[in-house]
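Data first, discussion second: the structure below is written as structure tokens.
Just so we're on the same page: letters track the sequence lines, and every chain starts at 1.
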Amino acid sequence: MARRFRISTLVSLLLIAVMVLSACSFGGGDTETKNSQVLNLAEIQEPPKLDSAKTTDVVSSMILGNVMEGLYRLDKDSKPVLGMAAKEPEVSADQLTWTFTVRDAKWSDGKPVTAHDFEFAWKRALNPETASEYAYILYPIKGAESYNTGKGSVDDVGVRALDDKTLQVVLERPIPYFKDLLCFSTYLPQRQDIVEKYGDKYSLEVDTMVYNGPFIFTDWKHNQSFQVKKNPSYWDKDTVKLEEVNWQIVKDNTTLVNLYNTGKLDFTKLTSEFIDAFKDDPNTFAIYDGSSWYLEMNQTKDFFKNRKIRQAIQLAIDRDTFVKGILKNGSIPAGGLVPPFIKASGVDENKKYRDLVKLEPEFDPAKAKQLWQEGLKELGLTKAPTIELLGDDTTGAKANLQFIKEQLRVNLGADVQITSVPFKERLERGKTQRFDLLVSGWSPDYNDAMTFLDLFTTDNAFNRGKYSNPEYDQLIRKSKENADFKERFQDLKKAEEVLIDDAAIVPLYFRTEMAVKKPFIKDWYWSAIGPEYTLKWTYVETGK
Amino acid sequence: MDMIKYTLTRLGYMIVTLWIIVTATFFLMHSLPGTPLQNEEKLPPLIRDQIMETYGLNDPLPVQYMNFLGRLVQGDLGKSLTYDGRSVTEMLLEGFQASSFIGMQALVFGVVVGLFLGVAAALRHGGLLDNIATIVAVAGVSIPSFVMAGLLSYWVGVKWQLLPTALWGTYEHTILPSLSLSFFVIAQMSRYIRTEMVEVLDQDYMKTAKAKGLGRQAIIFRHALRNALIPAVTVLGPLAVNIITGSLVVETIFAIPGIGEFFVQSIQVNDYTLIMGVTIFYAVLILVTIFVVDILYGIIDPRIRLAGARE
């Protein structure tokens with residue numbers, strides 16, 4: 001009796017398990033073709049802020065770029081094309097006054113898009129009470145900075161809706177990249193009545209905002225998924241082919257790849273551990289994330305004030321091997337600070353800055369060693385002090401630090417100690433010069449070399465190594481005011497050459513990510529600046 | 001009367017404990033480097049200060065602390081600093097739905113299986129079944145849930161395609177995550193039950209019960225199992241709280257919108273309000289559970305109730 005009871009319970013448990021398992025669907029993976037204009041994508045995080053005046057992150061900015069539209073939007077070559085602007089603006093001879101005509105377009109609730117929506121949104125972002133972390137992107141507008149910092153008045157901000165269709169913008173100084181800026185999230189329009197109606201609930205759910213972009217935001221399950229559908233009232237709706245796009249929020253890299261392999265996702269980014277598994281897959285592609293990575297050297301210390309020491313370090317790191325052997329993600333070895341996708345703005349809109357300013361990474365251990373010895377002699381040292389190399393504490397970052405340490409040890413005989421800290425701690429230490437060598441990265445705010453080059457002027461807060469060269473400062477200062485864009489370009493080129501020649505920093509690499517997508521996705525345009533990708537022109541190649 | 005007094009005293013202790021936890025967390029959290037700002041790296045220092053001012057983060061710490069306590073007493077956990085404008089309470093409750101569902105399911109399954117396994121092993125003390133139970137228990141304790149999760153997701157989800165690899169939405173999506181969490185529960189339960197059962201079965205009163213002519217089932221369930229449950233209930237309380245508040249790794253691997261992630265992520269980004277929110281939420285759950293477990297002791301073993309009341 002007792003024994004029968006025991007066995008029977010075990011058997012019944014097994015039966016339950018089998019039933020549970022068999023009751024579930026045997027859903028297999030989708031095939032490589034599709035018959036509907038639907039995409040299933042993934043993002044690694046919940047969009048934190050969809051209020052365009054406040055947003056700072058990649059996911060929110062991508063969504064906004066697809067459900068909203070500014071005066072311009074980025075096309076397949078990351079060039080600004082007309083969005084809410086009906087035609088090219090009238091620009092005054094001094095390049096300071098821009099007059100835009102807003103096209104006949106509607107918000108998703110049927111009301112027309114007006115010039116007032118732009119004026120409201122921009123001034124709202126600049127209002128100190130909004131506490132926008134990206135308000136400074138509006139600073140090229142006259143009076144914007146002083147209003148944002150609480151010194152000036154909102155009435156002096158150089159943006160005004162002359163009537164419902166006409167927006168006049170006055171700039172503080174001439175810039176060759178203003179149209180590119182207009183594609184940035186902070187420059188999107190907002191509806192005053194909607195923002196005021198929902199107050200602090202604005203943009204927290206899909207129904208507490210209105211849309212004027214190619215898609216409308218239709219579903220948002222926090223931390224789980226979100227969805228957009230084609231916007232039937234979009235001015236250029238005939239161009240938009242996708243009917244629906246779903247995103248799942250998935251944080252784990254392995255899970256992403258599993259979901260891609262089982263057909264639940266049409267796309268995933270690939271972290272370095274999966275690069276080898278996908279290396280023969282023709283559907284992989286590279287995504288420039290826009291950032292430039294470099295080593296800063298603490299020039300408040302006498303040791304790194306010595307130019308020869310800095311030059312030696314610059315020559316001692318083999319960036320080719322670094323990129324191919326350690327990073328393995330398609331990143332590009334850097335010889336300069338400005339990444340390859342930055343435009344030669346103001347000179348030739350079709351060329352890249354790097355096409356015209358070549359700076360290849362130089363690796364010369366013999367020369368490095370010689371400069372190192374000379375530097376030591378100049379400093380009156382027989383032996384270099386122990387060098388502290390500071391960086392992030394992620395797995396990838398640690399491998400990078402290890403590589404740099406080894407290069408300096410082997411090629412210079414330097415004794416390097418690695419300190420890996422969490423991201424926020426790295427910022428804190430960088431800001432207060434508590435390091436010898438610091439691995440830093442910078443992502444562009446706009447499509448012009450200036451977004452990188454002004455980092456290393458003497459008084460810039462992000463010049464953590466405290467590099468200082470009056471010639472460099474002068475070139476940057478002049479370029480900021482210069483309306484002669486050709487001369488400006490030459491000055492920026494000169495500045496970057498000075499920077500590298502001085503070994504102010506050691507450029508390391510321009511970061512790239514690898515990704516894989518199903519072959520039926522066509523015309524999906526990515527950008528290293530502004531919204532990460534646009535789906536306006538994307539379509540599914542059906543019925544193959 | 002004794003019982004009421006006992007309960008009230010315990011309640012008082014709980015509030016004091018909670019206050020200590022909250023205070024310690026508050027000050028520890030503010031000693032972390034950095035600010036909750038997202039674009040911190042790029043913000044000009046002047047603007048950063050101004051934004052911190054807007055959020056009241058420039059006030060001296062004691063002032064911020066008093067403000068926080070004031071709001072807390074009114075039951076207001078504030079708004080997340082990362083997910084701008086979203087109420088922390090709302091975020092926790094939303095996430096808790098998913099986490100607790102998976103957790104409860106894992107717990108029920110784990111306890112039932114663990115109980116049977118433990119009892120069966122004890123009855124066949126030293127036999128084949130006992131050895132199998134030992135292996136299961138050792139494996140369950142030593143293989144971390146994220147390894148189980150990874151293996152289940154890969155084999156059942158990708159290779160055999162029996163259940164969804166990950167994601168959330170239907171009941172099927174909950175099975176693998178619950179299974180991966182339940183192994184630890186099975187292991188814990190079966191070990192505790194088995195050990196206690198073996199001991200209890202050797203007691204004299206078991207012989208007495210047998211001599212009284214009671215049936216074997218009555219002896220096992222009414223006398224042996226009931227006594228063997230006490231240590232199991234002790235571990236079950238905290239174990240339950242741990243499991244229903246979500247496991248970061250299991251939720252990450254299966255892409256579940258639970259609260260497990262908040263525990264780690266809120267600290268990484270210095271989302272002060274969210275850190276306090278998860279801490280308080282977790283602390284309250286633990287304190288209540290310990291309280292409930294104490295009451296449960298009394299039901300299972302009247303001697304404990306008397307001892308408690310006499311104090």
**Request:** Give, as side chain, backbone, both or neither, the part of A:Glu428 having an atom under 4.5 angstrom from any heavy atom of chain B.
**Result:** side chain
**Prompt:** Top residue by heavy-atom pair count (under 4.5 Å) with chain B, among A:Ser203, A:Ala135, A:Ser443?
**Reply:** A:Ser443
**Item:** Region of A:Thr254 in contact with chain B, defined by heavy-atom distances below 4.5 Å
**Value:** neither
**Taking every non-hydrogen atom, the tightest pair across A:Asn258 and B:Ser153** = ND2-OG, 3.8 Å
**Heavy-atom neighbours of B:Tyr154 OH exceed 12 at 6.0 Å** = no
**Message:** Using heavy-atom distances under 4.5 Å, tell me whether A:Tyr202 contacts chain B through its side chain, its backbone, both, or neither.
**Reply:** neither
**Heavy-atom check, side chain of B:Tyr83 versus side chain of A:Leu204, under 4.5 Å** = no
**Item:** Interface moiety of A:Lys54 toward chain B, non-hydrogen atoms closer than 4.5 Å
**Value:** side chain
**Request:** Counting only heavy atoms closer than 4.5 Å, note whether A:Lys431 contacts chain B via side chain, backbone, both or neither.
**Result:** side chain
**Request:** For chain A, find which of B:Thr35, B:Val249, B:Thr170 contributes the most heavy-atom pairs closer than 4.5 angstrom.
**Result:** B:Thr35
**Message:** Taking every non-hydrogen pair under 4.5 Å, which of A:Ala131, A:Ser225, A:Ser60 racks up the most with chain B?
**Reply:** A:Ala131
**Request:** For residues B:Asn270 and A:Lys424, report the shortest heavy-atom separation together with the two atoms involved.
**Result:** ND2-CD, 4.0 Å
**Asked** By a 4.5 Å heavy-atom criterion (distance strictly below it), what part of A:Pro128 contacts chain B: side chain, backbone, both, or neither?
**Response** both
**Side chain / backbone / both / neither for A:Asp445 at chain B, heavy atoms under 4.5 Å** = both
**Prompt:** In terms of heavy-atom proximity below 4.5 Å to chain A, should B:Thr252 be classed as side chain, backbone, both, or neither?
**Reply:** both
**Item:** Toward chain B, the part of A:Asp51 with a non-hydrogen atom under 4.5 Å
**Value:** neither
